[in-house]
Visitor: 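Below is one structure. I have some questions about it.
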Amino acid sequence: MSSSPKRVALVTGGSRGIGLGIALALAESGFDLAINGVRDEADVAGSLTTLRKRGATAFYFQGDVSSPEDRTSMLDGIREEFGRLDVLVNNAGVAPKVRADILEATEESFDRVLGINLKGPYFLTQGAARWMIEQRSADANFRGVIVNISSVSATEASINRGDYCISKAGVAMATQLWAHRLAEFGIAVYEIRPGIIHTDMSAAVAEKYDRLIANGLTVENRWGEPEDVGRAVAMLARGDLTYATGNVLNIDGGLTLRRL
Ligand code: NAP
């Protein structure tokens, strides 16, 4: 089977929110797109149309990133449709269903959040990396890129969503491990830590963040938008940042800037 002439990126959770912002920025940078999510394909038709209007060949691969079978069938599907994978963006993620104090929070929530936010991207990276190494051995010019979307919660402790914070701190270590392991194959691995970004995930707590931002939570006095994260990922995927594997980009309007 012949492979796609353009570089191909897989964006998990790529049909809405930050993931769609990333997929759109990649389409504008000349990538073809594989997007993933758990909803039915019929529900993401609008996102696929928007990506195609930006010049990308785009397909949807439904699957739960926490399921080994779904991860395998996603990568198999991309092999079948595109014949290549150049960029993996581990973006799919969930907040806990209930923001519960860590004295009360359940193991069930911990297992769900860690399964989707940490185990899923860790092992999807393993599967994608094996394929990227194969591509690199067939073509010395192959340049693989992996970007993990973690969060300011990798370092900022929120005691009403400990499971989420731990999952994102784990993603930070996973980034370092994979950057170390994959450098010899020319595969760069980066982490992006978004701050407060306008999406469905943050909608439930929008009033709280409106108030905090008005009171100086960030030094750039506004919400972040999915396009802010999209631009950063596109820069990394294009290879504009060199000799810098393992780096962390804070796309947070200065939320984590130390101040006095
Ligand atoms: P969102 O609007 O809730 O979208 C989440 C996306 O993840 C959806 O596309 C969803 O798929 C997908 N998803 C959820 N569970 C999945 C699973 N088990 N398997 C595959 N896909 C799954 O969230 P968002 O705000 O864009 O967040 C995207 C990433 O950024 C997450 O990792 C989040 O932790 C991180 N982040 C967000 C913020 C923020 O303020 N919004 C800040 C820092 C970090 P469906 O569309 O099919 O439901």
Side-chain angles (χ1 to χ4, degrees), residues 10-25 33-48 51 60-75 88-97 99 111-124 147-156 158 161 163-172 174-175 191-206 208-210 212-213 217-218 222-230 232-233 248-253 255-256:
L10 164 60
V11 183
T12 65
S15 71
R16 62 189 170 107
I18 292 174
L20 182 57
I22 293 168
L24 288 169
L33 266 309
I35 60 169
N36 143 272
V38 287
R39 287 182 294 165
D40 288 339
E41 173 140 14
D43 297 331
V44 306
S47 304
L48 287 171
L51 288 168
Y60 182 64
F61 299 89
Q62 188 185 23
D64 177 347
V65 292
S66 69
S67 149
E69 295 77 23
D70 287 8
R71 289 192 301 270
T72 301
S73 79
M74 201 188 325
L75 292 176
L88 166 64
V89 185
N90 284 307
N91 163 79
V94 290
K97 286 180 182 161
R99 287 189 173 214
D111 288 343
R112 170 177 172 267
V113 172
L114 271 285
I116 296 170
N117 292 6
L118 179 57
K119 186 189 79 165
Y122 184 75
F123 284 103
L124 185 58
V147 183
N148 291 327
I149 307 301
S150 66
S151 168
V152 289
S153 299
T155 57
E156 309 305 293
S158 299
R161 46 186 181 134
D163 37 21
Y164 184 79
C165 295
I166 290 169
S167 72
K168 296 302 186 178
V171 168
T175 305
E191 180 192 352
I192 290 184
R193 294 185 185 160
I196 313 299
I197 313 290
H198 252 144
T199 68
D200 295 338
M201 185 183 279
S202 53
V205 281
K208 171 186 157 185
Y209 285 126
D210 280 343
L212 289 172
I213 290 169
L217 177 69
T218 53
R222 66 168 174 87
W223 280 71
E225 300 297 334
E227 304 86 77
D228 293 313
V229 183
V233 173
V248 180
L249 293 187
N250 297 302
I251 308 296
D252 66 357
L255 186 153
T256 51

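Remember, it's a predicted structure, so these values are computed and weren't measured experimentally. Remember, it's 1-based here, ligands and their atoms both numbered in the order they're listed.
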Visitor: Give the atom numbers and elements of ligand 1 that come within less than 4.0 Å of a heavy atom of R39.
Guide: 45 (P), 46 (O), 47 (O), 48 (O)
Visitor: Under 4.0 Å, heavy atoms only, figure out whether ligand 1 is touched by the backbone of K168, its side chain, both or neither.
Guide: side chain
Visitor: Quick one: which ligand 1 atoms are inside 4.0 Å of a heavy atom on G17?
Guide: 26 (O)
Visitor: Less than 3.5 Å between some nitrogen or oxygen of D64 and one of ligand 1, yes or no?
Guide: yes
Visitor: Taking the non-hydrogen atoms of S15, is any one of them nearer than 4.0 angstrom to ligand 1?
Guide: yes
Visitor: Which atoms of ligand 1 have any heavy atom of G195 under 4.0 Å away?
Guide: 38 (C), 40 (O), 42 (C), 43 (C)
Visitor: Heavy atoms only: which of I18, V94, V11 lies closest to atom 30 (O) of ligand 1?
Guide: I18
Visitor: Please state whether N91 comes within less than 4.0 angstrom of ligand 1, counting heavy atoms only.
Guide: yes
Visitor: Is G21 close enough to touch ligand 1? Criterion: a residue heavy atom under 4.0 Å from a ligand atom.
Guide: no
Visitor: Is the shortest N/O to N/O distance between I116 and ligand 1 below 3.5 Å?
Guide: no
Visitor: Which heavy-atom pair separates S150 from V171 by the least distance, and what is that distance?
Guide: CB-CG1, 3.8 Å
Visitor: Nearest to atom 44 (C) of ligand 1, what protein heavy atom do you find, and at what distance?
Guide: S150 O, 3.1 Å
